[in-house]
Amino acid sequence: MSHDEVRELVARFMDGATEPAQEKALYSFFSMAPAGSLEPDLEALRPMFGWYAGLQEAAATEPVRRSWWIRFRGRVIAGAAAAAVVAVMVTAGIGLFGKKQPAATDSLYASYEGSYIVRNGVRTTDLAVIYATVAAAEHMADSLNRSADRVLMADLDYDRQAIDEALSAISDPVLAAQLRHDLLD
């Protein structure tokens, strides 16, 4: 594909108007182009399309029961990354397309004016639906971040116990203290 064709397809992708085959073509284009070989505006998009391609590959190779997920220390945890992406995309949409004057009567939804979401290939501009989706994503992200923190703390406690048990066999207390410091701090 030429760079102009890629730009056109990227514009359609950003509007939520691409077919899965076109999206795969974009992922392939950005992953196959040698680093630094693209024009600067396209090179800036490489990380984003690499991220999308990674989601596609992960979804194809690993069955997941939830629609939003991340892998955290070998465990599948739903929501946090996807919710963060949704929040960033909505915020970016507001910044880029939110130049219209908000309705004075609807201040709750005014910051989402000009935004949209795509669900099952259908573009929705209903501000009540967008607001509810973002609020749910934020709630889910907060909940999952708390859950991930609990998992991380449990793993850290297990690591401390295993290190303490291993170091208890060392007869030199100075060496044991130095190793404990090096391993745990």
Side-chain angles (χ1 to χ4, degrees), residues 1-102 109-127 129-142 144-145 148-149 152:
M1 281 191 286
S2 73
H3 286 187
D4 290 334
E5 291 171 324
V6 171
R7 284 185 187 93
E8 183 179 325
L9 201 52
V10 166
R12 293 190 65 216
F13 178 87
M14 295 298 191
D15 287 337
T18 50
E19 300 291 327
Q22 293 170 317
E23 293 169 6
K24 286 181 183 180
L26 277 173
Y27 306 154
S28 177
F29 173 83
F30 282 100
S31 68
M32 300 294 276
S37 67
L38 301 176
E39 295 176 16
D41 62 321
L42 294 177
E43 192 67 45
L45 297 173
R46 185 189 300 267
M48 179 182 77
F49 282 104
W51 182 82
Y52 280 117
L55 285 179
Q56 179 187 22
E57 290 170 11
T61 60
E62 183 175 323
V64 177
R65 292 186 189 126
R66 297 179 184 247
S67 59
W68 295 359
W69 60 274
I70 61 171
R71 181 165 290 284
F72 177 77
R73 292 192 129 201
R75 295 176 177 87
V76 174
I77 298 177
V85 169
V86 168
V88 168
M89 290 178 71
V90 169
T91 303
I94 291 167
L96 293 173
F97 304 109
K99 304 292 185 201
K100 299 176 185 174
Q101 291 293 355
Y109 301 131
S111 63
Y112 297 99
E113 187 68 36
S115 300
Y116 66 90
I117 59 174
V118 178
R119 283 193 182 150
N120 299 324
V122 177
R123 183 176 173 167
T124 303
T125 58
D126 182 355
L127 294 180
V129 172
I130 293 170
Y131 180 81
T133 302
V134 170
E138 289 174 346
H139 178 74
M140 183 182 288
D142 290 343
L144 291 167
N145 282 333
D149 287 343
L152 182 60

Can you name the closest pair of heavy atoms from L38 and A33 and give their distance?
CD2-CB, 3.8 Å
For L45 versus D41, what's the shortest heavy-atom pair and its separation?
CG-O, 3.6 Å
Parallel, tilted or perpendicular: which fits the ring planes of H3 and F29, with parallel below 30° and perpendicular above 60°?
perpendicular
Going by the rule side chain to side chain contact (heavy atoms under 4.5 Å, CB included), which residues pair with [X] if we only count those two or more places apart in sequence or in a different chain?
X: Q22; answer: L9, R12, T18, E19
X: T125; answer: Y116, R123
X: D142; answer: R146
X: S31; answer: none

Between S28 and K24, is there a donor-acceptor pair closer than 3.5 Å when you use the side chain of the first and the backbone of the second?
no
Step-by-step side-chain contact (heavy atoms from CB on, under 4.5 Å) determination, E8 to D4
CA-CA 6 Å; E8 183 179 325; D4 290 334; over 6 Å; no
Applying salt bridge (Lys or Arg N to Asp or Glu O under 4.0 Å), name anything that partners E43, two or more places apart in sequence or on another chain.
R46
Qualifying residues under salt bridge (Lys or Arg N to Asp or Glu O under 4.0 Å), relative to E39, sequence neighbours excluded
R7
Could you check whether any side-chain heavy atom of V134 comes within less than 4.5 Å of a side-chain heavy atom of E138, counting everything from C-beta outward?
yes
Output all residues satisfying ring-ring contact (aromatic ring centres under 6.0 Å, His included) with F49, sequence neighbours left out; order by chain, then residue number.
F13, F30
So the salt bridge (Lys or Arg N to Asp or Glu O under 4.0 Å) pairs with at least one residue in residues 25-34 (sequence neighbours excluded) are none
